[in-house]
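One structure is given here, and the rest of the page talks about it.
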There are 2 protein chains.
Amino acid sequence: MSTAADFRQMLRGAALRVTRPRLAVLEAVRAHPHADTESIIGAVREDLPKVSHQAVYDSLRTLTAAGLVRKIQPAGFVARYESRVGDNHHHVVCRSCGSIADADCAVGEAPCLTASDDRGFTIDEAEVVYWGLCPGCSTNENS
Amino acid sequence: MSTAADFRQMLRGAALRVTRPRLAVLEAVRAHPHADTESIIGAVREDLPKVSHQAVYDSLRTLTAAGLVRKIQPAGFVARYESRVGDNHHHVVCRSCGSIADADCAVGEAPCLTASDDRGFTIDEAEVVYWGLCPGCSTNENS
DNA sequence: TTCCTTATCTTGACTCGTTCCAGAAAATGA
DNA sequence: TCATTTTCTGGAACGAGTCAAGATAAGGAA
């Protein structure tokens with residue numbers, strides 16, 4: 001369970017200034033995993049009603065670059081963010097509503113990280129997205 | 001090697017009307033793998049100078065829905081299309097310039113297709129994206 | 001504490017890929 | 001060929017995200 005003090009340390013550790021918007025964004029991302037930017041703006045404004053959307057966009061970009069949050073952007077959907085970082089987990093995405101759930105990799109640690117032929121690319125990450133229907137949409141589809 | 005006649009059959013087989021824009025789009029996607037929409041519009045207009053961008057967008061969407069072309073949309077980049085469908089291959093994407101190369105799966109057929117925990121989702125596809133730098137951008141980065 | 005420097009935030013306009021709309025045109029089946 | 005239905009044209013509109021300039025506040029030094 002992270003507290004405001006922890007968030008301060010995280011920011012300090014990343015050589016970032018500790019600002020109210022950033023603390024609020026960290027808190028919002030932790031409280032609402034897989035939330036899109038608009039939802040995060042809403043959550044942040046419960047604490048700081050006057051933050052500009054730009055401040056949230058900037059904070060998210062900065063925090064993502066610092067590795068404190070992770071940006072997820074499934075094809076055809078808007079960007080979403082999560083605070084679970086550094087454990088190389090993957091995601092299940094609903095084709096219908098875009099909802100996201102975490103999925104640990106089937107094969108264990110860093111599974112499909114090696115392409116059979118890298119075409120001369122310097123590969124630093126393998127991203128796996130499982131596409132399907134979430135329980136809710138799956139039910140509606142059948143009815 | 002596909003010809004116009006083949007394209008006609010493909011469209012017919014998918015119960016789609018055979019129109020000049022669609023034939024031109026199929027040809028353009030085959031000739032320019034991993035091209036974005038704007039490039040495809042350009043290529044199509046070499047054959048049909050007067051097609052509207054909307055016709056190309058519509059055609060691409062229809063053809064994608066019919067499974068005749070595949071849409072690729074790496075996070076942060078515009079949509080791209082390819083005509084290689086149905087073989088479950090993956091992609092290597094350059095973080096810097098967005099260029100894409102094909103990558104057959106390391107582990108063979110349908111590799112990471114099984115999540116350890118599907119969270120109740122009905123999964124129908126596993127998408128793997130390898131992120132890195134293409135040979136060109138990798139060189140510039142070092143200089 | 002106070003001041004200075006610099007990063008960050010506010011405000012508001014703007015970009016760009018993509019979609020929506022209504023009418024015109026063209027493809028298919030009878 | 002005609003009628004029906006789908007598709008295409010042209011242009012407006014949408015929305016997530018970005019850009020820019022000035023105001024503000026965080027962090028370090030005195």
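Just so we're on the same page: letters track the sequence lines, and every chain starts at 1.
Within 6.0 Å of CZ in A:R8 there are 12 or fewer heavy atoms belonging to other residues, nucleotides or ligands. A 6.0 Å sphere centred on CZ of B:R84 holds more than 12 heavy atoms belonging to other residues, nucleotides or ligands. With a 6.0 Å radius and a threshold of 12 heavy atoms from other residues, nucleotides or ligands, A:H34 has its NE2 atom above the threshold.
In this structure, B:I41 places its CD1 atom 10 Å from P of C:dG17, rounding to the nearest Å. For the pair B:L16 CG and C:dT28 P, the interatomic distance rounds to 11 Å; values are reported in whole Å.
Side-chain contact annotation: B:E82 with B:H91, donor-acceptor N/O pair under 3.5 Å present.
Shortest non-hydrogen contact noted between A:F77 and A:R95 is CZ-O, 3.5 Å. Between A:D124 and B:G132, the shortest heavy-atom distance links the atoms OD2-CA, 3.7 Å.
Closest to the A:V78 side chain, of the nucleotides C:dT18, D:dG17, C:dA7, is D:dG17. Relative to the side chain of A:R12, the nucleotides C:dT8, D:dG27, C:dC9 differ in distance, and D:dG27 lies closest.
Residues of residues 52-75 of chain B having a heavy atom closer than 4.0 Å to DNA chain C, listed by number: B:H53, B:Q54, B:Y57.
No donor-acceptor distance shorter than 3.5 angstrom exists from the side chain of B:E127 to the backbone of A:Y130, with no hydrogens or angles considered.
Screening B:V51, B:V56, B:D58 for a side chain to side chain contact (heavy atoms under 4.5 Å, CB included) with B:Q54, the sole residue that qualifies is B:D58.
Where the helix from C:dT1-D:dA30 to C:dA30-D:dT1 starts and where it ends, the local axes point in directions that differ by 40°; five pairs per end, rounded to 10°.
At the heavy-atom level, A:R22 lies under 4.0 Å from the strands shown only through sugar-phosphate atoms.
Checking the phosphate oxygens (OP1, OP2) of C:dC9, a side-chain nitrogen or oxygen of A:T19 falls inside 4.0 Å.
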